[in-house]
Amino acid sequence: MDIEALRAYIAFVDTGSFTRAAKQTFRTQSAISMQMKKLEDESGQSLFRKNGRYLELTDSGRVLVSYARRIIATHDEALGMLVDSGQQPALRIGCPDDYAESVLPEIVALLTELVPTLSIRIVCDCSTQLRLMLDNGDLDLAILTRSPEKEEGYLLKHDTGVWVHGGFEALLKRPVLPLILYEADCKYHSASIDGLEKRERAFQLFCATPSATVIKNLLRKGLGVSAMARSSLSVGLVELTSDQSDANNLPPLPAVDIVLSVAPKSHPLMGVSQAAELCERFRQRDKTKHQNS
């Protein structure tokens, strides 16, 4: 099977969109459609079926996913063994600001263990913008937040949303709850506001910002409460238990997955096999850290 057709296939599986798959592989949608037709012809199986307006994988399509990932991984690993690591460009990593304090440092530490000579460039932005940068070929890897039912990327950890304040519990008793949230494209922004409205809990969106540093410092000043992933917590922030949230009429917040997504045209020293190993090591260390805490 053609390696580039398999890359396009996995790009569709990870993004759920032929439009994004075309952008990531620098092809037109019609070219992607032709590649998918070629894969179906070669396999003698239908890989897709319509579900309303959308396409989903058939059973045969799901079987091909695991083989396609392994074929691409072997291909990229072979190329990686033949290159001079000292002559390679910097690895470009994207990370949302809220994971820059918790997830990112461990990822960078693991990268230096796997490829000691690697040079790294880091970009912090929201998951939405990082996906666009992956699509445009401006990133090699991106740490992203995805919904648990999606297949995008390689799992780093399961996480859940929590309500937090900076040690000022009296804020929860105010008739109008002051909110300090990430911007509207954050899952917890919409979940918290929708949930509060459904509970008819009065609130004021005091501040919305993409900066985790700003949010945490405002919380520590006692200027409001926030909703964020548990992984984003840091010193000086107080997590509300589910009982405390219920007692203060705060809605439950959704679970998310934190994943590492790899560009279809991967960096010579960090293909899908290396990324999968990186994520496995991260999960092992994260599990050990929680067992010892």
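Remember, it's a predicted structure, so these values are computed and weren't measured experimentally. Numbering starts at 1 and runs along the sequence shown.
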Tell me the closest heavy-atom pair linking [X] and [Y], and the distance in Å.
{"X": "A227", "Y": "Y182", "value": "O-CD1, 4.4 Å"}
{"X": "S231", "Y": "I258", "value": "OG-CD1, 3.8 Å"}
{"X": "L219", "Y": "G224", "value": "CD2-O, 3.1 Å"}
{"X": "S46", "Y": "T58", "value": "O-OG1, 2.5 Å"}
{"X": "C95", "Y": "A100", "value": "SG-N, 3.9 Å"}
{"X": "S234", "Y": "R220", "value": "OG-NH2, 3.0 Å"}

Which distance, rounded to the nearest 0.5 Å, do you find between the [atom1] of [X] and the [atom2] of [Y]?
{"X": "I72", "Y": "R70", "atom1": "CD1", "atom2": "CZ", "value": "12.0 Å"}
{"X": "R131", "Y": "T128", "atom1": "CZ", "atom2": "OG1", "value": "6.0 Å"}
{"X": "D140", "Y": "R121", "atom1": "CG", "atom2": "CZ", "value": "10.0 Å"}
{"X": "L91", "Y": "Q274", "atom1": "CG", "atom2": "CD", "value": "10.5 Å"}
{"X": "L110", "Y": "E280", "atom1": "CG", "atom2": "CD", "value": "11.0 Å"}
{"X": "H165", "Y": "L177", "atom1": "NE2", "atom2": "CG", "value": "11.0 Å"}

Treating [X] as the side-chain partner and [Y] as the backbone partner, does any N or O pair qualify as donor plus acceptor under 3.5 Å?
{"X": "R201", "Y": "N248", "answer": "yes"}
{"X": "W163", "Y": "P251", "answer": "yes"}
{"X": "R27", "Y": "A22", "answer": "no"}
{"X": "N217", "Y": "T213", "answer": "yes"}
{"X": "S33", "Y": "Q29", "answer": "yes"}
{"X": "S127", "Y": "T145", "answer": "yes"}

Using side-chain heavy atoms (C-beta onward) and a distance below 4.5 Å, is [X] in contact with [Y]?
{"X": "D125", "Y": "P210", "result": "no"}
{"X": "L55", "Y": "F18", "result": "yes"}
{"X": "V115", "Y": "T117", "result": "yes"}
{"X": "I107", "Y": "L156", "result": "yes"}
{"X": "L253", "Y": "K187", "result": "no"}
{"X": "R92", "Y": "H267", "result": "no"}
{"X": "L111", "Y": "M270", "result": "yes"}
{"X": "S226", "Y": "Y188", "result": "no"}

So that I can tick it off, tell me whether E56 and K50 are bridged by a salt bridge, with the cut-off set at under 4.0 angstrom between side-chain N and carboxylate O. no
Carboxylate-amine/guanidinium contact E40 K37, below 4.0 Å: no
Hey, quick one: are [X] and [Y] part of the same hydrophobic cluster, counting side-chain heavy atoms closer than 4.5 Å, chains of contacts allowed?
{"X": "V103", "Y": "V108", "answer": "yes"}
{"X": "V262", "Y": "L104", "answer": "yes"}
{"X": "F48", "Y": "L39", "answer": "yes"}
{"X": "V259", "Y": "I143", "answer": "no"}
{"X": "M36", "Y": "I71", "answer": "yes"}

Is it the case that more than 12 heavy atoms not belonging to E200 sit under 6.0 Å from its CD atom?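 It does not: E200 CD has 12 such atoms or fewer within range.
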What do you reckon, is CD of E169 surrounded by more than 12 foreign heavy atoms closer than 6.0 Å?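 Atom CD in E169 is not packed in, count stays at 12 or less.
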Using side chain to side chain contact (heavy atoms under 4.5 Å, CB included), reason through L172 and L240 one step at a time and then give a plain yes or no. CA-CA 10 Å; L172 302 171; L240 274 67; 3.6 Å; yes
Are a donor atom and an acceptor atom from the side chains of S30 and T28 found within less than 3.5 Å of each other?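 Yes, because at least one side-chain N or O of S30 sits under 3.5 Å from a partner of the opposite role on T28.
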Are Y9 and Y67 close enough, and set up right, to give a ring-ring contact (aromatic ring centres under 6.0 Å, His included), and what steps lead you there? CA-CA 11 Å; Y9 181 67; Y67 284 101; over 10 Å; no
Would you verify whether the NZ or CZ of R69 falls within 45 degrees of the ring axis of Y154 while also being under 6.0 Å from that six-membered ring's centre?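 Yes; both conditions hold, so R69 lies above the ring face of Y154.
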Evaluate V123 against L139 for side chain to side chain contact (heavy atoms under 4.5 Å, CB included), listing each step before the verdict. CA-CA 9 Å; V123 176; L139 290 175; 4.3 Å; yes
Report the C-alpha distance between I180 and L223 in whole Å, list the side-chain angles of each, state the deciding distance to 0.1 Å, and finish with yes or no for side chain to side chain contact (heavy atoms under 4.5 Å, CB included). CA-CA 8 Å; I180 301 171; L223 297 176; 4.1 Å; yes
Scan residues 95-107 for pairs that pass salt bridge (Lys or Arg N to Asp or Glu O under 4.0 Å), counting only residues two or more places apart or in two chains. E101-K216, E106-R285
List the steps, then state whether side chain to side chain contact (heavy atoms under 4.5 Å, CB included) holds for N51 with R49. CA-CA 7 Å; N51 183 3; R49 61 168 167 255; over 6 Å; no
Show the numbers, then the answer: is there a salt bridge (Lys or Arg N to Asp or Glu O under 4.0 Å) between D59 and R62? CA-CA 5 Å; D59 290 342; R62 283 190 286 272; 2.4 Å; yes
